[in-house]
Number of protein chains: 2
Amino acid sequence: MAKNSGASTIVDVAERAGVSRQTVTRALNDMVDVSAATRARVIAAAMELNYRPNRAAQNMVHGRRRTVGLVLEDLSNPYFAELASALSRAAAERGWSVLLCDIGGDREKGRAQLASIVAGVDALTLTGCNQDTMDLLPEAVLRGGALGLPLLMLDGADHARLNGRIVLDVDSGITAALDHLVATGRRRIAFIDSESGPDDRRKVYRAYLEGHDLVWPAGTPEISAEESIEGGMEAAEQLVLRAPDVDAALVYNDVMAIGVLKAMSRLHRRVPEDVAVVGIDGLQIGRFVTPELTTLSIDKGELADVALDVLDRLLAGNPAAAGEAKVIGLSLVVREST
Amino acid sequence: MAKNSGASTIVDVAERAGVSRQTVTRALNDMVDVSAATRARVIAAAMELNYRPNRAAQNMVHGRRRTVGLVLEDLSNPYFAELASALSRAAAERGWSVLLCDIGGDREKGRAQLASIVAGVDALTLTGCNQDTMDLLPEAVLRGGALGLPLLMLDGADHARLNGRIVLDVDSGITAALDHLVATGRRRIAFIDSESGPDDRRKVYRAYLEGHDLVWPAGTPEISAEESIEGGMEAAEQLVLRAPDVDAALVYNDVMAIGVLKAMSRLHRRVPEDVAVVGIDGLQIGRFVTPELTTLSIDKGELADVALDVLDRLLAGNPAAAGEAKVIGLSLVVREST
DNA sequence: TGGCGCACCGTGAACGTTCACGGCCGTCCC
DNA sequence: GGGACGGCCGTGAACGTTCACGGTGCGCCA
């Protein structure tokens, strides 16, 4: 038996096989300088003790490798999934690892999860996390300071504790989208907002309307809903109810926009004939709904790359990276829904 | 400067601040027994040296924590995303961590990625990986043996090296789906297969047709395509071309089924009036396409739980778990497409 | 028969951190 | 004035593994 309560170590195996640590290492790692008989004895002992090398100890001697945590609320949301995919690939490109943390709906579970994750990472990236989610972070992380592990927001809102932030160029992006809608003859353009996200998108929209003499006579409809397909559906129903003459909708994100598409179909409003729909995010799924969704696309590969660059500089102690907000452009992808 | 080439350590900070290791630990971890002045000096030194505690060393003394790798080909595929979400949550429930590995399309990059991931995990779970993907694993892992790290397939095909496997009960699942189609009056039922996946689903389908006198007069159409929405679209086009009298299609998975839905819409075949469509997987997105997709749903939470159970037993050295194939049931969720 | 080389194996040391303990100095109280 | 105590700090040891080195015994050849 192993003498300590936990798993068995290499010396347990060595003792059982009647050899030294080093011989165990040699036998189990297919190195030279071990006789066949000894190797067999060691392997037998390792199996009997169910020996598993301690990864932490191995990493310790083999030099540090970098691990970055990715915190999100729901990976089954395709936006987060595509972002995670991009981050995983970009991280692999640099030899980093990404630790996944899907905190889900339960706050207390999420808190425990984050506390556990934090012990294993060198930095944390967050996406779609609002103030509530930030509060779930362990107090020691929140406090931050000199030793605090770098926190980077991949999008979404600002927060005092953040060491860096990637913001989307919603300004020119939304302007381009609205230009496009106007160019195709739309005049009653609504904006469907997220009820939890930041309100910068709505602000740009409003400014555009005012700047282009597009303000609704009876007041621009103010619709916002949950950031989900259901939310988009409900918002669309609200919208046509409150503004029957709407002929275009710019939607906070693609997921909600897909809900809008579905609701329009239910309400027998043809897209794009009766009403045009533009989403934001550039999700792949947008190409497969009917009609295919016009969208303001985010290059997630670029976003991931920039994020890792910032983290790299942060971890390297480059103070220039702290607090900086990198800007990512949006590109309008016109498909069938406009 | 740190004397070693890499990052600075706690003793570098200690030397610079003119204190001992332990005092640095105390100062940086908000412990007692440090004077304010000393604490400030230590923090300053840590900042100047950009000190970051070595996670491996910390984990080493604080006892091992379990990390399981999740290997998949493309997280932007919603099936993998939902699986990853479930696994992340189930793992968190047990205090385990999930290391994400989206290997993407590039074989060589994938190989490097896997080699890198393997150094940090205690076990590997795979999903949707065929023989080709398995070959990307490092030779040392493939060889396996006593010390080999446990490999578990979350679904998909068998492989010699696998220590465990979770199989879906396609038998009764597909039977239920076909029963449902027959009960709603369908007689020309096609099956759209994956060109890369295992062929057990098709076999069940064929046996059912033969057992229920549903074999097509001119031969059952054999359609298979890539496991993607595009693949589903192409398959559907093929299908209506080769079998214009088709009135139902059972599709290998939901992602392909969504493609089928889209193609049917393009071909002006109404779903479900002209042709019924049933997918497999139970993806959330199926509720948001039009019409909503009837599907054979997999409980991904259960799948993840079972997977971690198997890994737990495997890591605990329970030989009963090896080679065992746990079975997960499928439940038919009838929505609008049938 | 001495020496050389090879096959096989063992012993510190190191990785970087935390824990348990012990030491020193000043203050306060009896 | 001596003992107790508290604030502050340092020193081994330990976590589990691998690396670099050194050692032993045996065969082979000059």
Side-chain angles (χ1 to χ4, degrees), chain A residues 2-42 45-46 49-67 118-122 140 147 149, chain B residues 2-43 45-46 49-67 118-120 122 140 147 149:
Chain A
K3 62 168 153 274
N4 53 2
S5 59
S8 55
T9 81
I10 200 172
V11 297
D12 296 325
V13 177
E15 282 172 7
R16 183 168 191 109
V19 294
S20 70
R21 304 184 310 256
Q22 184 60 20
T23 302
V24 174
T25 300
R26 282 191 272 249
L28 296 186
N29 293 4
D30 292 303
M31 310 173 73
V32 292
D33 287 343
V34 198
S35 71
T38 306
R39 186 183 304 262
R41 241 179 31 251
V42 170
L49 293 176
N50 186 39
Y51 168 68
R52 308 274 165 190
N54 184 322
R55 299 290 166 185
Q58 283 180 325
N59 286 337
M60 160 118 233
V61 26
H62 279 148
R64 61 171 43 187
R65 67 172 293 95
R66 207 159 267 184
T67 303
V118 156
V121 302
D122 302 303
L147 68 159
L149 85 169
Chain B
K3 63 168 153 275
N4 53 2
S5 59
S8 54
T9 79
I10 199 172
V11 297
D12 296 326
V13 178
E15 283 172 6
R16 184 168 190 111
V19 295
S20 70
R21 302 184 312 257
Q22 185 60 19
T23 302
V24 175
T25 300
R26 283 191 272 250
L28 296 187
N29 293 4
D30 291 304
M31 310 172 73
V32 291
D33 287 344
V34 198
S35 71
T38 307
R39 187 185 303 266
R41 249 191 9 262
V42 169
I43 290 181
L49 292 176
N50 187 40
Y51 167 69
R52 307 274 165 190
N54 184 321
R55 299 289 166 186
Q58 284 180 324
N59 284 337
M60 161 121 231
V61 28
H62 278 147
R64 59 171 50 191
R65 67 173 293 93
R66 208 159 266 181
T67 303
V118 156
D122 302 303
L147 67 159
L149 85 169

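Quick note on labels: first sequence line is chain A, next is B, and so on, each numbered from 1. Only a predicted model underlies this, so the values are computations on that prediction, with no experimental measurement involved.
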On DNA chain C, does the nearest nucleotide to B:D33 precede the nearest nucleotide to B:V61 from the 5' side, or the other way round? Give the residue. B:V61
I want to check one thing: is the phosphate of D:dC15, taken as OP1 and OP2, less than 4.0 Å away from some side-chain N or O of A:N54? no
Let me know which of A:T38, A:V13, A:T9 forms a side-chain contact (heavy atoms from CB on, under 4.5 Å) with A:V24. A:V13
Between C1' on D:dG16 and NE2 on B:H62, what's the gap in Å once rounded to a whole number? 16 Å
Phosphate OP1/OP2 of D:dT18 contacted by A:T25 side-chain N/O (<4.0 Å): yes
Within this structure, what is the CG-to-P distance between A:D122 and C:dT17, rounded to whole angstrom? 12 Å
For B:R65 and C:dT17, give me the distance from atom CZ to atom C1', rounded to whole Å. 17 Å
Closest non-hydrogen contact found for B:R26 with B:V34 is CB-CG2, 3.3 Å
Please confirm whether the shortest side-chain N or O distance from A:N59 to OP1 or OP2 of C:dC15 is below 4.0 Å. no
Do the side-chain N or O atoms of A:T38 get closer than 4.0 angstrom to the phosphate oxygens (OP1, OP2) of C:dC9? yes
Given the structure, check if the side chain of B:R26 and the base of D:dG10 hold any donor-acceptor pair shorter than 3.5 Å. yes
So which atom in A:R41 and which in A:G18 form the shortest heavy-atom distance, rounded to 0.1 Å? NH2-O, 4.3 Å
B:R55 side-chain N/O to A:V121 backbone N/O, donor-acceptor pair under 3.5 Å: yes
Return the minimal non-hydrogen interatomic distance between B:A27 and B:R39, and the atom names on each side. O-NH1, 3.3 Å
Give a yes/no answer on whether the side chain of A:Q58 brings an N or O atom under 4.0 Å of OP1 or OP2 in D:dG16. no
Which one, C:dG16, D:dG10, D:dT17, comes nearest to the side chain of B:V19? D:dG10
Over how many whole Å does the gap from B:I10 atom CD1 to C:dT18 atom P extend? 5 Å
Between A:D122 and A:R65 the two heavy atoms that sit nearest each other are OD2-O, 3.6 Å
Taking only side-chain N and O atoms of B:S35, does any of them lie within less than 4.0 angstrom of OP1 or OP2 on D:dG7? no
Check this one for me: any side-chain N or O of A:Q22 less than 4.0 Å away from OP1 or OP2 of C:dT11? no
OP1 or OP2 of C:dG16 versus the side-chain N and O atoms of B:T9: is any pair under 4.0 Å? no
B:R21 CZ to D:dC9 C1', in whole Å, measures 12 Å
Residue-phosphate contact under 4.0 Å: B:S20 side-chain N/O, D:dT11 OP1/OP2: no
Expressed in angstrom and rounded to an integer, what is the separation of A:R55 atom CZ from C:dC15 atom C1'? 17 Å
Of all the nucleotides listed (D:dC9, D:dT17, C:dT17), which has the minimum atom distance to the side chain of B:Y51? C:dT17
Can you measure B:M31 atom CE to D:dG6 atom C1' for me and round it to whole angstrom units? 17 Å
Using atom CE of A:M60 as one end and atom C1' of C:dT17 as the other, report the distance to the nearest whole Å. 7 Å
